[in-house]
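One structure is given here, and the rest of the page talks about it.
Quick note: residue numbers are just sequence positions, from 1.
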Amino acid sequence: MTLLHWAILSPFLFAILIPFLYKAFRKIHTGWFVLILPVVLFVYFFRFISLTKNGDTVTETVNWMPSFGIQFTAYVDGLGLLFAMLITGIGALVVLYSIYYLDKAKEQLHNFYVYLLMFMGAMLGVVLSDNLITLYMFWEFTSISSFLLIGYWYQKERSRYGALKSMLITVFGGLSMLGGIILLYLMGGTFSIRELVGMSDQLVTDPLFMGALILILLGAFTKSAQFPFHIWLPDAMEAPTPVSAYLHSATMVKAGIYLVARMSPIFATSGVWIWLVGGIGLFTVFWGSFNAVRQKDLKGILAFSTISQLGMIMSLLGIGGAALHYNQLDENIYMAATLAAVFHLINHATFKGSLFMVAGIVDHETGTRDIRKLGGLMSFMPITFTIAIIGAFSMAGLPPFNGFLSKEMFFTGMINVLSLDIFNFETFGALFPVLAWVGSIFTFVYSMILVFKTFTGKYQPEKLEKKPHEAPIGMLISPIILASLVVIFGFFPNILSDRILAPAVEAIVPSLIADGQTVKTEISFWHGFSPELFMTIGVIAFGVILYLTLSKWEKIYRVLPQRLSLNSLYDGGLRGSERGAYSFMNGHMTGFIRTYLVYIFTFFVGICLFSLWYNNAFSLEMDKMAPIGIYEVAVALLLVVSTVMILFAKSRLTSIILLGATGYTVSLFFVVFRAPDLALTQLVIETVSVALFLLCFYHLPKLSRHEERMRFKLGNALIALGVGVTVTLFAISAYSTKLFDSISEYYIKNVYEEAAGKNMVNVILVDFRGFDTLFEICVLAIASLGIFAMIKLRLTRRDEG
């Protein structure tokens, strides 16, 4: 494997060492050891900037399952590099923040950092994998590790609830995405994303294309908390604040964004993709911002704001897909939406990461996140207040911060929809700028609530668990760095243009980039008196009015009953499925083996007979059958008689004797058919079975006669008859119908030459099926050890008692 592969896998490998470091260095916070890795990885990926800036890419492949077309192909282009730097850069800041946030004396730090490193490695695998199956494997790793991180404080019921909720919804999306990946493979014959992008014109005409599109979007929408799958994100806020700052500002929720961006060259050739990604993303902008205003918890506000901001990026990627329907690169106004999506992706990570850390600081230093109990903290926490002002004002889209620039670009992308003349955007496309503007007004309102309800107003010490004070400098370093980036990217946005933004945009619209061409990414504050400027002025004006009159109109949130919410639908569905499962289980799991055999045999008979009928597979040929002699008839009669007599036996001992007689009679068949090995095996098995039954005879319960009803006996008789008839028909049909040559010919030709053996059965068991036999022996050995251990344990307890 190459260094790039090791870089992706290094978090998993380092996670193995964490428990040992935790135990060996109790006096040192484990986070200091962990911090080294993301810093090194960030520096490593930073070196690729000069390469991707020139339009070059790096591809390194390790064969995994080449016969299935599955390789571990690490692929670095502008888009993958942007996400890799966010994952490692924000990851380093989060680890530094967690060192001061999590008390080494109270927390199980080895668990926390193992989960965090697992997640970091999984995210790197997602954004740097070219093979879709490899990407899916890492994708599900993100779901598992995020489940562990969200449920880190597993003692809390809400933490367990939030972890389970996120797992169920995102894993549902992941399985849907897997279905889409399989359909893409059936259409294109490859799992390589680059190869599929190259055949996008052919894929769009395939009848499986629309199914793949829907399934892929389900995976993206569930992971990136798009409506109506957004309900898991607010409950995930029960995780420790470092987890929220990492997963929900820069990484996990951005995985769906990455997937849409990466798959846009394949699916944006369809208008359905543009409508769904743009429309659902834009509605999520409105719905998330509208619901953020009603929240009373700081992290609750940030959760719904994250939903809204993710919808903003998603809608821009959807509209940006329209650029692929216009061949020229210059004067392609829809490229602005894609550029805005990439720019806001970075901006959101900076201001939202800092705001999550601010919320953690407030909670850490006051003991609460409830804005109804907070207020007047500005004088106690001036540095935290300054960071909050920068982050919140950037999120609201106010100058001179980076959020203002990307919000203006967002408005530009939505206004450009009005001139879109494909896929019937002339009709409902006019709603796009309207929803964008209304959603931005509510964004302004919740941003003001976040800052001013917390840091200004009346100080309420009686409602706080702790006396507030400024956080230690170690906890402030990370949010200060992020807030500084908010300001730097606001004043100097073009330091990102050629190095980061242009390569990422070119990776999203590769078909528009000819050799030697680059995307224009000049970003500036002033564009004249444009519609975007007036929209921003309107946002500020209406936002201020709504904020000042909040107490008068917030009653509208009570109009929709709580029982009609999506959360209630989820909870009701979960309870209903549990009740249904318990009812089904209690109705069918009786505890009697005979009942379970009825289920098994009934299904067996039904599916087998249906298969014979449906495939017209039954045939009867008597000409090749061997003649039946007197010995076969005698043994068969003896077998039938001994079997039938078991049904009428009155005692357990008689049943055991008749069962042994049946087994010995079968061994006589093998003798008659000249199969001494099988006969000997059968004799040994029957002897051991009968001996064990007789040894346990004293402990066996008496035969139960409580099921004497004719209905019970008739049902058993029908099932027994059905199984017998089915097996007989299958045996006759298998003998009479030869769909392919028997494998026995292969053994006849190769047993002596390849294995140097004359006994075919022995050679098959020892050589051709050696591993199978070995594993059977291992299973028997494990079972024997288990039985021996239980016997010894029972004897020990008896001796002690």
Side-chain angles (χ1 to χ4, degrees), residues 86 220-221 223-227 229-230 233 248-250 253-261 264 274-293 301-322 334 336-353 355 391-398 401-417 431-447 486 489 501 504-505 508 523 532 535-536 539 543:
L86 283 176
F221 287 168
K223 190 71 89 175
S224 285
Q226 298 298 288
F227 183 90
F229 307 107
H230 65 282
L233 186 56
H248 306 138
S249 67
V253 291
K254 298 288 178 63
I257 299 292
Y258 169 81
L259 184 66
V260 169
S264 282
I274 299 174
W275 269 108
L276 284 177
V277 177
I280 292 179
L282 202 53
F283 185 79
T284 304
V285 172
F286 163 74
W287 192 251
S289 60
F290 177 72
N291 281 280
V293 175
I301 296 172
L302 291 174
F304 278 98
S305 74
T306 299
I307 293 167
S308 177
Q309 299 291 317
L310 292 171
M312 177 177 168
I313 301 172
M314 193 71 76
S315 63
L316 287 168
L317 287 174
I319 299 305
Y334 306 107
T338 303
L339 175 60
V342 175
F343 188 38
H344 196 68
L345 180 77
I346 300 171
N347 295 341
H348 177 258
T350 56
F351 67 67
K352 187 56 65 66
L355 288 174
F393 279 24
S394 178
M395 183 166 61
L398 298 177
F401 307 112
N402 58 359
F404 168 76
L405 296 172
S406 50
K407 180 61 72 66
E408 291 277 292
M409 296 166 71
F410 171 56
F411 286 153
T412 301
M414 294 302 111
I415 291 172
N416 289 339
V417 175
L431 293 176
F432 277 52
V434 175
L435 278 174
W437 186 69
V438 173
S440 298
I441 292 174
F442 285 107
T443 298
F444 180 92
V445 175
Y446 70 65
S447 298
V486 170
F489 293 159
L501 300 181
V505 173
I508 298 174
I523 302 172
E532 295 90 329
M535 290 176 74
T536 299
V539 166

Strictly distance-based, threshold 3.5 Å: is any side-chain N or O of [X] a donor or acceptor partner for the main-chain N or O of [Y]?
X      : Y      : value
Ser308 : Phe304 : no
Thr350 : Asn347 : yes
Ser264 : Gly321 : no
Ser305 : Leu302 : yes

Quick one: [atom1] on [X] to [atom2] on [Y], what's the gap to the nearest 0.5 Å?
X      : Y      : atom1 : atom2 : result
Ile346 : Asn402 : CD1   : CG    : 9.5 Å
Met414 : Met312 : CE    : CE    : 8.5 Å
Ile307 : His248 : CD1   : NE2   : 10.0 Å
Ile257 : Ser224 : CD1   : OG    : 4.5 Å
Glu532 : Thr412 : CD    : OG1   : 3.5 Å
Thr338 : Leu316 : OG1   : CG    : 8.0 Å

Set of side-chain hydrogen bond (donor to acceptor under 3.5 Å, both in side chains) partners for His348, sequence neighbours left out: Lys254, Lys352
Specify the closest pair of heavy atoms between [X] and [Y], including all atoms of both residues, with the distance to one decimal.
X      : Y      : answer
Leu86  : Ala349 : CD2-CB, 3.9 Å
Ile313 : Leu345 : CD1-CA, 3.9 Å
Ser440 : Phe410 : OG-CE2, 4.1 Å
Leu317 : Val277 : C-CG1, 4.4 Å
His230 : Ala225 : CB-O, 3.2 Å
Gly403 : Ser394 : N-OG, 2.9 Å

I'd like to check [X] versus [Y] (side-chain heavy atoms, cut-off strictly below 4.5 Å). Are they in contact?
X      : Y      : result
Leu282 : Ile319 : no
Thr443 : Lys407 : yes
Phe343 : Met409 : yes
Phe221 : Met314 : yes
Leu355 : Met395 : yes
Ile508 : Val342 : yes
Ser315 : Phe432 : no
Thr536 : Phe404 : yes

Partners passing side-chain contact (heavy atoms from CB on, under 4.5 Å) against Leu276 (at least two apart in sequence or in another chain): Leu213, Ile214, Leu217, Val272, Ile280
Partner set under side-chain contact (heavy atoms from CB on, under 4.5 Å) for Phe283, not counting sequence neighbours: Phe227, Phe286, Trp287
